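One structure below.
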Number of protein chains: 2
Amino acid sequence: MPAVSDCINMLDSETKAVETPEDHAEELRLWLRLLTCTTLIEGEVRGRLRQRFDVTLPRFDLMAQLDKAPDGMTLSDVSKRMMVSNGNVTGLVERLVDSGHLDRRTSETDRRVQVIRLTKLGRAEFRRMAAEHETWIADLFADLSPKDVRELMRLLAKTKASAQKSAARRRP
Amino acid sequence: MPAVSDCINMLDSETKAVETPEDHAEELRLWLRLLTCTTLIEGEVRGRLRQRFDVTLPRFDLMAQLDKAPDGMTLSDVSKRMMVSNGNVTGLVERLVDSGHLDRRTSETDRRVQVIRLTKLGRAEFRRMAAEHETWIADLFADLSPKDVRELMRLLAKTKASAQKSAARRRP
DNA sequence: GGAAAACATTTTAGGCTTAAAACAATTTGG
DNA sequence: CCAAATTGTTTTAAGCCTAAAATGTTTTCC
């Protein structure tokens, strides 16, 4: 019968009169479930890309970014979009240039900047992979109704905003 | 006015009479948003763990698994729970044993098996980190109402089940 | 104009991660 | 019993990833 202490804790938490160690077990469970879903799907996509096309997920992701930018992107743009470090992109790009999927040139107006684009080969291969990739995703989410999908989109948008706000609080 | 073609496509997709390239753009967007949320939160947690405790996220995750298992776990158990490869766990454990956070011994009943446990130091350090970690998670999800959290939990459970089913279809 | 700040990228050092092959121990089924 | 299959772990080779320092370039602003 934890009724008394519950009341006390709730009072504390509502009035903010005292610092009580609050219970955030639900949020923690939510985070672990979110992570599980992502890891599960990501692993599945990674394996299929490897089996079907002998390509790694990061390479696919990078090509996906470039496919949406016919005029090319700078390395910084790519790094921000992919949410990975600059140095990571440098290596990824190097390998994709070597394999003939990417074209890379120094900007004419700013010699600090490197602009990368998909080559004809890179674009063709990406489109081929992307078509199949889309069916994998559809299959992975197949048991969600259209309403579920909409509702998840809404709640994840809220989650993203909340997390960005929290990150900004720490790193203003 | 794409009404006509829409009707045709819907008929096809409902009756399954013809194979039409269906549109799964919504599911794709959902996947990208899920990935963004996870990457955002994971990066934030990784950075805070490093700054506050000079520990990496994988080390923290491994210790979290062991904290829930006072009698220890086998490397396979850990690898399944963390959803990472066996070889990955081998290296992670090696470094944590070296730093004095883990104890590792060969099972007496099955000499293939390695059982690992948190040492006293490991448990103490983990508890200290976990307490703070929980407040970070709470803060990252702060803008979600309790109802949002419940609803997300429900939808992610459904997502997890769907993805597991899809993975099992491919790898029976 | 020129020093200082800001920016874009690369390098460095170390750790993480995977898939596949190799190794070792146990279990299974004839 | 014992060969074959299975199970648990490690090794290997390659690539991914990060934070921080270094390098080169441009902008700011006195």
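Letters A, B, ... mirror the listed sequences (proteins, then strands); counts begin at 1. Atom set for the values below is all heavy atoms of this structure, side chains included, hydrogens, waters and symmetry mates excluded. Note that the structure is a prediction, hence the values are computed from the model and not measured.
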Checklist entry - Are B:Leu152 and A:Leu156 side-chain neighbours, meaning at least one heavy-atom pair lies under 4.5 Å? => result yes

Checklist entry - With respect to the phosphate group of C:dC7, does any side-chain polar atom (N or O) of A:Ser76 fall under 4.0 Å of OP1 or OP2? => result no

Checklist entry - Just how far, in rounded Å, is C1' of C:dT10 from CD1 of A:Ile116? => result 14 Å

Checklist entry - So which of A:Lys160, A:Lys165, A:Lys158, A:Arg169 actually passes salt bridge (Lys or Arg N to Asp or Glu O under 4.0 Å) with B:Asp143? => result A:Lys165

Checklist outcome for this item: By nearest-heavy-atom nucleotide on DNA chain C, the more 5' of A:Arg104 and B:Thr56 is A:Arg104

Checklist entry - For the side chain of B:Thr135 and the backbone of B:Glu132, is there at least one donor-acceptor N/O pair under 3.5 Å apart? => result yes

Next on the checklist: Just the rounded figure in Å: distance from C1' of D:dT23 to CD of A:Gln114.
Outcome noted: 13 Å

Next on the checklist: Can you measure B:Leu62 atom CG to C:dC16 atom C1' for me and round it to whole angstrom units?
Outcome noted: 13 Å

Next on the checklist: Can you identify which nucleotide, out of D:dT11, D:dC16, C:dC16, has its nearest atom closest to the B:Arg59 side chain?
Outcome noted: C:dC16

Checklist entry - Got a second to check how far A:Gln164's CD is from B:Leu140's CG, nearest 0.5 Å? => result 11.0 Å

Checklist entry - Separation of A:Leu49 atom CG from D:dC16 atom C1', in whole Å? => result 15 Å

Item to check | Whole angstrom value for the distance that separates P of D:dC16 from CD of A:Glu42 | outcome: 13 Å

Next on the checklist: Tell me the interatomic distance from A:Asp61, atom CG, to D:dC17, atom C1', rounded to whole angstroms.
Outcome noted: 14 Å

Checklist entry - Could you give the CG-to-C1' distance, from A:Asp98 to D:dA14, as a whole number of Å? => result 14 Å

Checklist entry - Side chains of B:Leu49 and B:Trp136: does their closest heavy-atom pair fall under 4.5 Å? => result yes

Checklist entry - Rounded to whole angstrom units, what separation is found between the CD atom of B:Gln51 and the C1' atom of D:dA20? => result 13 Å

Checklist entry - Do A:Val115 and A:Phe126 belong to the same hydrophobic cluster, where Ile, Leu, Val, Met, Phe, Trp and Tyr are linked whenever their side-chain heavy atoms lie under 4.5 Å apart, directly or via other members? => result no

Checklist entry - Do A:Val149 and A:Phe141 have side-chain heavy atoms sitting under 4.5 Å apart? => result no

Next on the checklist: Across nucleotides 17-25 of chain C, 5' to 3', mark each nucleotide with B, S or - according to how protein heavy atoms within less than 4.0 Å reach it.
Outcome noted: SBSS----B

Checklist outcome for this item: The correct set of residues in residues 65-74 of chain A placing a heavy atom under 4.0 Å from DNA chain C is A:Thr74

Checklist entry - Is the backbone of A:Asp71 close enough, under 3.5 Å, to the side chain of A:Arg117 for a donor and an acceptor to pair up by distance? => result yes

Item to check | Minimum side-chain heavy-atom gap B:Val55-B:Arg50 below 4.5 Å | outcome: no

